[in-house]
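Computation of the quantities below employed the complete heavy-atom set of this structure, encompassing side-chain atoms and omitting hydrogens, waters and symmetry-equivalent molecules.
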Amino acid sequence: VREIQEENVRLRRLLELRGRLPASTLPGEVIAKEWSGWRRSLVVNRGRGDGIVRMTPVLVPEGLVGRVAEVRAGAAVVQLLNDPASSVGAIVQRTRTTGVVEGEPGGRVRFKFLGRDGGGLQVGDLIVTSGLGGLFPKGLPVGRVKAQEERSSALFHYAQLQPVVDFARVEEVLLLLGQSASDLFIHFLPPGS
């Protein structure tokens with residue numbers, strides 16, 4: 001009974017998110033996970049037969065999970081944000097400092113940005129998608145700054161992020177279909193709302 005209640009809560013949150021999105025979505029269920037050293041992905045039960053294509057953004061109520069990297073007839077492989085080959089254009093919500101969120105070997109996530117002054121980043125700052133590049137809508141929560149890495153002579157600066165999504169606990173997702181990311185801005189509610 002408890003398992004059904006928890007699933008009901010998760011599905012209600014997905015429905016609430018779906019109602020706030022200005023684009024069509026398709027729900028999907030996670031059917032497999034891969035956590036090797038160089039690849040971090042989920043497999044969802046939606047594929048080519050459902051109209052899913054490569055690069056489809058994948059969301060949960062907390063924020064961005066990743067993008068579809070491979071499409072099969074009845075399933076899709078989702079590259080997670082913490083995959084070492086993942087990169088997403090992002091912006092610090094408070095300061096508007098732009099940069100790129102990158103996955104790292106070992107499953108960590110970092111924010112790479114320009115700025116001799118550290119971009120005014122503070123621990124706890126929310127990093128969201130920038131909407132640049134046309135793939136992800138602007139404003140999808142990605143993570144919060146955990147710490148800045150000190151590299152005084154480097155051109156780029158880095159901050160370690162705590163992703164807003166706990167990838168190990170994702171069971172259901174929304175796949176964002178047929179959208180023009182540059183035209184979208186998504187309003188997310190804080191987790192637990």
Side-chain angles (χ1 to χ4, degrees), residues 14 17-26 40-42 52-69 76 78-105 107-149 151 154-167 170 173-191 193:
L14 272 182
L17 172 59
R18 191 176 193 183
R20 292 194 314 269
L21 294 173
S24 61
T25 60
L26 186 65
R40 301 200 179 281
S41 62
L42 303 173
I52 302 301
V53 296
R54 282 189 74 248
M55 307 306 275
T56 298
V58 180
L59 319 169
V60 293
E62 293 79 17
L64 184 62
V65 173
R67 69 183 122 222
V68 171
V78 177
Q79 178 188 51
L80 299 175
L81 286 176
N82 63 349
D83 183 282
S86 173
S87 63
V88 176
I91 190 166
V92 180
Q93 193 174 55
R94 183 180 59 81
T95 65
R96 313 314 290 169
T97 301
T98 59
V100 176
V101 171
E102 303 174 324
E104 292 186 307
R108 295 186 313 175
V109 179
R110 70 180 181 176
F111 180 60
K112 174 176 150 181
F113 61 97
L114 285 169
R116 303 296 290 160
D117 65 350
L121 261 64
Q122 297 175 356
V123 170
D125 275 344
L126 181 63
I127 309 298
V128 298
T129 54
S130 66
L132 302 174
L135 178 61
F136 297 106
K138 185 176 185 176
L140 297 173
V142 174
R144 291 197 177 273
V145 174
K146 279 193 334 188
Q148 288 193 57
E149 297 177 9
R151 297 181 187 178
L155 175 61
F156 290 102
H157 296 274
Y158 298 89
Q160 287 297 320
L161 300 184
Q162 176 65 48
V164 294
V165 175
D166 182 350
F167 303 116
V170 173
V173 298
L174 284 181
L175 295 105
L176 197 55
L177 306 174
Q179 48 92 20
S180 169
S182 59
D183 297 335
L184 293 177
F185 179 83
I186 298 174
H187 173 70
F188 272 73
L189 296 174
S193 298

- Derivation and outcome, side chain to side chain contact (heavy atoms under 4.5 Å, CB included), residues Phe113 and Leu121: CA-CA 10 Å; Phe113 61 97; Leu121 261 64; 3.7 Å; yes
- Message: Show, in sequence, the C-alpha distance, side-chain angles and deciding distance for Val165 and Leu64, and conclude whether the side chain to side chain contact (heavy atoms under 4.5 Å, CB included) test is met.
- Response: CA-CA 7 Å; Val165 175; Leu64 184 62; 6.0 Å; no
- Query: So His157 and Gln148, side chain to side chain contact (heavy atoms under 4.5 Å, CB included) or not? Walk me through it.
  - Reply: CA-CA 8 Å; His157 296 274; Gln148 288 193 57; 5.6 Å; no
- Query: Stepwise, does the side chain to side chain contact (heavy atoms under 4.5 Å, CB included) test hold for Val173 with Val78?
  - Reply: CA-CA 10 Å; Val173 298; Val78 177; 5.9 Å; no
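Taking the side chain as every heavy atom from C-beta outward, Val53 and Leu177 never approach each other to under 4.5 Å.
Within the 3.5 Å criterion, the main-chain N or O of Ile91 finds no donor-acceptor partner in the side chain of Ser130. The main-chain N or O of Asp125 is never found under 3.5 Å from a side-chain atom of Arg144 such that the two would form a donor-acceptor pair. For Thr56 (side chain) and Leu175 (main-chain N/O), no donor-acceptor pair under 3.5 Å exists by modelled atom type.
With sequence neighbours left out, Ser86 forms a side chain to side chain contact (heavy atoms under 4.5 Å, CB included) with Arg67, Gln79, Leu81, Asp83, Val88. For Gln93, the side chain to side chain contact (heavy atoms under 4.5 Å, CB included) partners at least two apart in sequence or on another chain are Arg96, Leu126, Val128.
The shortest non-hydrogen separation linking Leu176 to Pro137 is CD2-CG, 3.4 Å. Smallest separation of non-hydrogen atoms from Val164 and Glu62: CG2-O, 3.4 Å. Annotation for Ala159 and Val145: closest pair CB-CG1, 4.1 Å, computed over non-hydrogen atoms. For Pro57 against Leu135, the heavy-atom pair with the smallest separation is CG-O, 3.5 Å. Between Ser87 and Val100, the shortest heavy-atom contact is CB-CG1, 3.7 Å.
Screening Thr98, Val142, Val101 for a side chain to side chain contact (heavy atoms under 4.5 Å, CB included) with Phe111, the sole residue that qualifies is Val101.
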